[in-house]
Every structure is written in C-alpha cells, then in structure tokens.
Amino acid sequence: MKMNRLAAAVASVLVGAFTLAACSSPAPDATAPATTPTAAATAGATGEPGTDTTPAHQSITLAMGTTPNGLTGISPNAANNSISYITQGPGFAFFDPDLNYVRNTDFGTFEEVSTTDNTRTVRYTINDGVTWSDGTPVDAADMILAWASSNNRFVSDGAEWSWASPSFSMGTVSDFPIISDDGRTITFTYNDLRSDWYFQFGSSSQPAHIVARRALGIQDPMEAKQALITAFGGPENYRAQTGTETPHVTTELSTTAGPLTTFVAPNVTEIAQIAEVNNNDWFFTSFPTGNEDLTITMGPYQVVEWVEGEFMRLERNPNFNWYGNVVGRPNVDEITIRFIGDPMAQVQALQNGDVDMIIPQITADTLAAVQNLAGTGVIDYTTPITGTYEHITLAMNNGGVFDPAHWGGNAETARAVRLAFLYTVPREEIVDRLVRPLQSDAVVRDSFTQVPGAPAYAAVTAGNDSAVFNVQDLAQARQLLVDAGLEDQLPLQVRLLFGSNDTRRVDQFELIRAAAPDLFTLVDNGEPAPGWGTTLRSGDGSFDAALFGWGSTSTSPNNAQSNFITGGTNNIGGFHDPEVDRIWDQIITSDSDSEITALTTQMEQRLFQDGFGAVIFQWPGLLAWRANIDNVSAVPFGMQNVWNFWEWQVNH
Amino acid sequence: MSTATLVETEQPVEVETLPVAPQKVSWFKHAMPTVAFLGRRLLSAAIVLLGATFIVFMALSYALDFLEDLRLSTDPNVELLIAQRIELLNLDTPPFIRYFQWLGGVLTGNFGEGWNQFRGQGVLSMLAARIPSTIQLVLAATIGAILFGVLVGIVSALRQYTRFDYGVTFMSFVLFSLPSFWVAVLLKTWGAIGFNAFLNNPQFSVPVLILVPLLLGGLWSAIVGGTRRSRWITFAIATLATLIAMLLFAFTGWLQNPTLGPAGITVLGLGVAMALVGLMVGFNKPRPEFNPDLPASAVGSASDSAGITESLDSDGADVAARVGRFGGLRGWISANRALCAAVSTVLAIALLYIPFQFAFFTAGLARVLLLALATVVLGVLIGWLWGGFDRRLSMRIAGLTALGTFFFLFVDRVLQMWQFYGSLSQVAGRPISTIGSQTPGVRTSAAVAALGTPFWVTTLDSFTHVILPTIALVLISFASYTRYTRASMLEVMNQDYIRTARAKGLPERVVTVRHAFRNALIPLATIIPLDFAGLLGGAVITEQIFGWSGMGNLFITSIRAQEINMIMGYFLLIGTMLVIGTIVVDFIYALVDPRIRVNA
C-alpha cells in the first residue's frame, strides 16, 4: 500500500534528521557558513569590540521618567536638561549634594569685576583649549549667544521674534558685553545688583557657529561666529535707548535697578533668522539623521543613537579634553538612557537588568519594591530630598477669617486667627505618617527659603522663630482665639485649597482637619489638577488657605522674593509687610553670604510672627542603582542623580 | 445604526426592481444602489467626524490648562512667559474660533504641530513615527486574541456544560476583569525576571515537576473529552508527555540553545499536516451504514439548505458526495492522498534543511518572504503531483502544510541566534526584556554587524520585547472573543440545518467545521473589523507599562503636555478608521450573509 511506503519514508527521513541533529551538534552553525557568530559572541561577551580602552568597557543604562524633546538646555523639559548636562558637561559651576556651588575651573572662570550703586560688572572666561566636538573652540561667541538669546530687551523696528527662554537677569544687562582680544572672555554689566548673578549665566549648549551656519549660511566656523556677533550688533553698533521699557517685562522686582536699556538691533532680519534657528532647530525626538551638526557637544559625551520615545545612547566625545581636578574624565564609556514613565516599570526594569539606575517617583509601592531588591544585595538605594517643599499659604485679602477685613479691619484679630490656625497644623504628625515611611530621616522643614541641608539652613532656622511658630500647639491656638474674644464664634471655617488628585495632599488635609475640629472647621476645597492651579492664581477669594508645593532651583533666596513682597507675582495670599519688602530689597542685592543669611533670618522671623503660613516638608525622592556602580548620589536641584556622572564607576 | 436590511434569501429583491431583461442592464445600474449607499454612508461619516472633532476640541480647550507649568513657576519672568504662551497658542481667541482655524488647517492639509513635548514636530510626521511600533505591538496581539479566543470559544461550545466549559467561562470573566497594569506587572515578574533567572539555572523543582504535568494533563483531557476511559487515557498521555518534555528541557540544556533542528521541524511539520488533514478532510473510515444508495438529488438539496454560507464549490459538494454518492470510499481516498501530499511536503522541506540554511544566511525580510512563497509553491506542486480525484484539495492542504513547516524552519533559524543573542553584552544573559521594543545598542553593535545579516538577531530582539506585552494584551482581550464565539456557536449548533446535516449522516467534523463554524463567525464579522480599526489607537496602559512609544503613548503624553494638535490628529485618525470600519462591517455582513443587502 501507498501508506506503508509513506510511513517508511517518514521513518527514514526522521532517522536521518535525528542523526544529522546528533552528529553535528550546533547543527546549523556547523553546516551553514554561520560559524562566525560563535566567535563574535565571545567577543561580545568579553567586551564591546571596537573600543580600545585598556580597562574593561563600562556602560551604564539610566532610566528617566520624562522623555526628552531635544538636545538643548533651553527648554523646561527635565530630561533635556539632564541629557544636556551629561553631554555638554556642567559648564561654569554646579551644585554638589551639600548644596555647595562648585566652580568648574576646568571649563572656565567667572568673577565680579566691580560694582557701583546700581550696577554690577562681571567677567566670564572659557579656558583655552575647550572645544566643540568638531574642533571649533568654545569662546565668547557662544557666551554672546547665551546672553542675547535669553535677553528679551532686544526689540525690533520691524521683524517680529521672541526668544524661547527669556531670562529676567539677562534682561537687566545694560550694554553689549565686551569681548576680550583672545575671544575667550566677555565682560558685561548687570543694571541691577541681584546677588544671585552667578546662578544666572552659562555658555550656550547650542554652538554659536552652528546656529550662525544654519541661520545665515556661513560655513567657516570662525566667520560664522563673527557674523553672529555682528548680527547682534557688537558693542560699536548699539543704539541703547536708556529708560525705555519693553511692554512685557515685570518691573516690580527691579526696585533697586537703574534705568534699563532696550537694544535696538541693527539687523532685524538676521536676528529673526538666528532666533528661529536657536529657538527651534535643537528640538527633535529622534536622532537627527542628516543634521548631525545638531549633536555637536563640548562635553564628555555625544549622542550616537536615539530611538523616538524609547532610548538614547551616548558614547564618549573623542575630542573631550578639558577634564581636570573638578570634572574628571568619565569612567563610563557608554551611557544609555531609557525613557520609562511608569515608576513600577522602572523598578522592574532595574530588577530584570534592563537598566542600572532608576529615579522613580517615590510611593509606598515603589519603595517597598526597591527595598525588596536591596535585600538581595544587588541593588543600593537612597531616598534623597527633592527641590519641592510642601507648605500652607493663608489668604489675607479675600474677606475670609485670615483677612483683617473679616474682623472689621482689626489686623490683630486676623493675625491671632492666622497664628491659631497655623498652631493647629500637625506638621510633625504629617511628616511622621506621610513622609517618614518613605524617607526615614525626614524632618519638618522650618524655613521659607532654605532647603534642609543647604549651607544656610541651620543658621536661618535657628533664628527665624520657627521653633516658636512652626509647631503644633493646640493650647496656644485656643488661648489666642480666646484672647481675641472669639470663643463664642468657634469653630471658625477655613476653606483649604489643594490638588485633590494627589493622595498625599488629601491625607494631609484629613490630618489637618482632624487636628482641632473644635477650633477650625476645615472645608474641603480640593480640586483635581489642573483646576486647583487655576483657582490658586485666580484671585477669586474662594479659599482661605492653600496647600501646595514651591520648587527651588538654587540656594539663593532671590527667586522666592515674589512669594513674599507686596504685589509679588507669587504672593498668592496678598501678604503685605513694608518691612519684609525692605529687607528683600537688601537680600537680593547683598553680596555677603553671611549678610544674606542674617537678612533672610530676619525676614522669615517676620513671616512666622505675622502668620504668613506653615512650612511642612521637603518632598522625598527615590534613587536606586545596581550595587556594582560606585559614586552614585543625588542633589535636590535640577540635575538630581546625574550631577556627578563623571565619577560613576562600574565594578565588574 | 446599520442600514443593512434583512431580505429573504429565496426572494432576491433585485429581480423585482430590475427590468424584465436583466442581462441588458449596465453594470452601472447594478452598482448604483451600492454607490448611493456608499455615498450616503461617507457623507454621514463626514458629519459624524465633524461633530466629534468639534466636541473633542471644545472639551480639550476647556479641560487642558495650557499655562499649567507656569502657574507655580518662581521665575521672576513669569508674566512675560505667560504672555509669550498666550501669544504662541492664540489663547486670546475663543476656542470656538480656534476650532475653525484648526479645521481650516486640516482641510488645507496642515494638521499643525506640537509646542510642548512635541515642539516643532508635525502632527503627521509624529503619527507616522508612532504607527509602525503600534502595529508591531497591537496587530500580533489582536490576531492572537482573535485566533485564540475563537478557538477556545468553539471548543468551549462543543464541550458545553463540561468542566472545561465552566473553566473557560470562569477564566474569561477573570481575565476580562483583570486590570492590564496588574497583568503586566505579574507578567514581568514571572515572564521576564523569573524566566531569565530560570534560564541561567534551568532546573525545575520537584513540586513544579509534579504540578505542571498534572495541570496540563487535566487541561488536555478536558479539551479532548469523550468517554471516561478516553479522558483518562488523554490525561495519562498528556501528563507523561509534559513530564518527559520538562525533564528533557532540564537535563539536555535545550533551553540554552533551543533550536528545533531538522528532526524537530519534521515532527512539528507532520503535526501541522495531520491537523490540516484532520480538519479539512477527516480521517473517518468509510462507514457502511451510510453507503447505501441515497439519491444524489436528495443529498444535494440537503446540502444546499444545510448552511447559509456553505460554499457550493467543489468542496461543499464533495463532502456530501464523498459520504453519499461514493459511500465514503472516495473521501477515504482523498484523505489518503491529501495526507500523502502533506507528509511528502514536510519531508521534502526537511530534506532541504541545509540548502535553506545557506539561503537564510544573508537573508533579509524580503528574501524570507520569497522563500516562504517558494516553499508554498513547492507544496502546491507536490499536492498536484499526488493528483487523484481531489487534486485541488491535496494542493491546498500541501500548500498550507508547506507554509506551516516553513514557519517552523523560520523559528528554528531565529532560535539559532538565541545563544549568540544572550551572550551579547547588551543582553547579558537576560533575553526577555520588560521595557521597550528593542535592546539599545544591539542593532548597532559590532558583533551583530559581523554577522551575515542582522535580520535574525533583530527579529529575535523584537520578539523578546514584543512577547510580554502581546501576552498581556491577548490575555485581557481574548475573553470577549471567547464569549462571542461560544454564544454564537451554541446558537448555530441548535439550528435546524445542523440537525439536518447530522441526520443525513455527515461526519461530526464536517458538521462542525463547515456548517456550524462558518455561520458562527458571522456575528464576529461585525466586531473584528472595528477592533482592527481601533487598533491604531494603540494600547495606552500596556504601552505605558512596557515603555513602548506607540500611539497610546502619544495620546497620553499629548494630554499631559497639553498638545491639543497632537490629540486632535490622533483623534481624527482613529475616528476616521472607526467610521470606515463601520462601513466595512456593513459590506462584510452583506458578503458573508446573503440574506443581507447594502442597498437600503
């Protein structure tokens, strides 16, 4: 029968097949010409071929929660800024974990040249030999671009443009910077004595010669740089119109500043072209194939691969040569950054070895998962503080219980009610129940302007009366209300605004509500984002107190000024104290750290005494990494875990 | 809102409306009702899209806070920044006007661009960048869910009220109600982290060696069913087979180098051949009691009315004929020949194993597809050579068998890269990934560049990334298909024509596969096109958790970043797909169910 013959055929082929499989063990590789993979595999396992570094090839994969949208530092995107920091290096200075501002003398130097009653002249120098990865020197032109492109005081007679990231400080520079003969130094004058000047300026992360090449079509790098400087006018071409105000600029903060200058640029078309290129060209979401000049860097790494929304690979910039004692030559040859939005996915990716370092949002879940991993010894973790602090601001201009108007203009009664309410806020309990489970060494923050651990924090909190006022004291609260003659009106109603889609805020609300129900009835004015932010700024008087967070970007108190001065942009509650305004005028212009600390202490004391609000805690963060990576730590501001990327070291 | 109507099969309405001599009517007049129908549907689709985009645009304009990031800014410049933002996004203009500005842009081909997270990115280019990875992720999952769901649904219906059926029902509801983020976390824990750890030390513990075979044995016996005795036999065989397979895995180190080899391909290919022959022809020996001279006309008419969609091509007629007119003898011979054709195809491909390896060595996708085509042609040719009464049937079965065997050949070649892939420094012995669609650096690594072709490694790399999200999507979406198919299958199995088919002596296989299964699929035809239309929407949560940058991720990122143009572009695309999907559903319905026409 046919079937029998077929069965025989099946049997014989099967036998043949098994024999074949048995005798040539990695059968396909032996028979097909595909034997090469085995050799390549060994090479791949021992070290990435193609890198000749004597020590073993080191690579680290980081997880980032946000996805970058460009290779530029001019956007508020946190991933952009971190990646820019890694590729370009830290520039003139950076914060270390103790919040010291470390000057990066390997890159360049900056100093104050002179001050007058209302101006401050400063000088920035980039070291000889610092170059972009295409060999062009980093010099004054790059600094001119950084200054001009954040200066909203360039106005035009014709063409319209605006800069992507206008900076308040750069807008106070009154004259075109003076460029030194060697082209590596610029000197310019702030028409303002703000003491935080040294946080305000850095060289452009976008090479001036590339900007000029793309905007003006000039190929030669040095000619392009010169054309860029000329386009902005250069010192000799400026027509300074003293005293003219641009319409958008807020003037409230410039109380000490001299007359401001508006630059009328000589060539508006070229500036408009430069603005267009500078604002937009460095924004893209995958490797800019065909526009490789956009990946030029002056720092230790350059982008070699970038898959949209997934990962970015950085390899050493072969022309990086300015490392020294402050910023060393990085130990890691290759840094891969993977964009993982989900915090739990970050933890699992760390566990599975897909990434080596994660910085997920801290929650009870992510922390527990990380602690589990840490228990196996392959993972280390830390719970650093972040730059945001939680606080309560009271509204004093809405006719509510904290407003003197509510008590017939009796400011003392209003102050007593404010202090009484603040005395009921269970700060210690909030920290103990909501923060310490995540961060065991968490403390109640006792300063309106200083981050715990910052150099001035101890001095400021010692003298700002926070020990008296920033505590829970129910007896004192009742006494204040009784003394104010309000005993028969208790409990008073307080409408608390907060973001109700943040469970930590809801928990805080519940704890505050439960603290002294006989004194204050807390009304839930919680709104989910983004509504609560709109209400916060709306000035509609619909809340008596607001619970939210402010972020800090530096150790200088200056950016907090607008929270407290009369009419300040961020003075949500309409707080008004001429003495505080006066002290702020001194703080923002003071040059002496000890004087700033003393003034800040004085100013905060008035805030606490007057019942401005309560400061509660600094938000905790979470950083976990494979235990074989050395020198990992985090700073609260900006760069977080990448602040010292050059010190990372992988032990095999 | 289907506008299709139900018309009796026996009375084609065209006949009434057409002139006396239908053959003289131009094709245009024939097509007229369809064209008018299509025109009306497209018009209503456009109106639906217009209304929907307006509602969405207005809702977004009021719900999104375009100044969100500036509200808590401590920048002294914040007022300037807010003024800049208002100017950039035209926020001074009422949303109503902005909608028409957007609409005007869309009508002139300008879909706008992003300003925040997708700053400077055109909407169209962003959609184009995201669609491929979405399709890679969701297409396999959708097809998998449909195939798996339909299969389980049918088996569950055929085994109605058995333990298997109850089990499937229970699991369907469990999976249906599982949150995808939780499934994803569990899959990562076991499928990636646990499995990778297992790969590095592939030993089963004793409880696992006992429990897993017993569970699988129970599952198989429940699926196969039958008498108590046959259930126990199935149970024993399946348990033992699983145990042996697990022991082989553990002791031969097969998992470190999991290739199939020619032997494995032959065995699996034979399995495909058997399954195809079993489904399409059946192994039933001729049964004398159905042999007698049943009048051919009676059988024929029974067959005609048997199933609504039963095709009356050679196949359908043959089934009846085989059993009736030729007393099963011809059917037996057909099965015999088809089986022979399929088996010889498998053997031929197995014998060509080494030439195939050479062809694969430098292959890319195009060559692989060509080779697949060539293999199918080879199978068809072998089927033709076996010939016989049912030459076409043999050709078809042999062709399909060739395709199946080629699939295993392909899998074998991909798996040959397993060891190499695991040894890459970027993979470092942990092949299954929890994140993303590819391992960074693998595609550009020097080791991969040294290979004849990167195709096999990149395929394997894609596979190790797509497997977990696909399983997650299949698990949570196949339940609904199971329920639909089961309900529909049960309904069909209770129809009169099924009883008729059984009464005239058709084998149960023919009743199930031809008469019941095809008709049971009609209700599914209304769901599946819409699922495919919605496919481009991506999977928001799954993409988020597995770190894929597909359409779902684009959508959620855009909402978080107030990228109104991106959301509108996304919505327009998905909306259009769905509207077209509903029109396609109407046509498919008319196609698969002759009682329905699309002219109403």
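Within every chain, numbering begins at 1; the chains are lettered A, B, ... in the order of the sequence lines, protein sequences first and strands thereafter.
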Flag the pair [X] / [Y] as yes when at least one side-chain heavy-atom distance between them is below 4.5 Å, and no otherwise.
X	Y	answer
A/V355	B/I435	no
A/D354	B/K188	no
B/S437	A/E310	yes
A/E308	B/R130	yes

For this session: Could you check which of B/G436, B/G550, B/G120 has the highest count of heavy-atom pairs closer than 4.5 Å to chain A?
Result: B/G436
Could you look at [X] and say if it's the side chain, the backbone, both or neither that has a heavy atom under 4.5 Å from chain A?
X	answer
B/I432	backbone
B/L70	backbone
B/A428	neither
B/N553	neither

Under 4.5 Å heavy-atom distance to chain B, tell me which part of [X] shows up: side chain, backbone, both or neither.
X	answer
A/F283	both
A/P68	backbone
A/L536	side chain
A/D281	neither

Tell me the closest heavy-atom pair linking [X] and [Y], and the distance in Å.
X	Y	answer
A/G309	B/S549	CA-CB, 3.7 Å
B/P440	A/R313	C-CD, 4.0 Å
B/R430	A/N352	NE-O, 2.8 Å
B/Q121	A/F284	NE2-CA, 3.2 Å

Spacing of [atom1] belonging to [X] relative to [atom2] belonging to [Y], to within rounding of 0.5 Å:
X	Y	atom1	atom2	result
A/N77	B/R119	CG	CZ	10.5 Å
A/N69	B/N116	CG	CG	7.5 Å
B/T557	A/F339	OG1	CZ	12.0 Å
B/T189	A/Q348	OG1	CD	4.5 Å
B/F181	A/M344	CZ	CE	11.5 Å

Exercise. Between A/E305 and B/R443, is there a side-chain N and carboxylate O pair less than 4.0 Å apart?
Worked result: no
Exercise. Looking only at atom types and distance, does a side-chain atom of B/Q117 sit under 3.5 Å from a main-chain N or O of A/T67, one as donor and one as acceptor?
Worked result: yes
For this session: Step through the shown structure and confirm whether more than 12 heavy atoms of other residues, nucleotides or ligands are within 6.0 Å of CH2 on B/W254.
Result: yes
For this session: Using the test salt bridge (Lys or Arg N to Asp or Glu O under 4.0 Å), find all partners of A/D356 that sit at least two apart in sequence or belong to another chain.
Result: A/R626
Problem set entry | Choice from A/I340, A/T61, A/T285 maximising heavy atom contacts with chain B below 4.5 Å | A/T285
Exercise. For A/Q351 and B/T434, what are the C-alpha separation, side-chain angles and deciding distance, and is it a side chain to side chain contact (heavy atoms under 4.5 Å, CB included)?
Worked result: CA-CA 10 Å; A/Q351 190 179 2; B/T434 62; over 6 Å; no
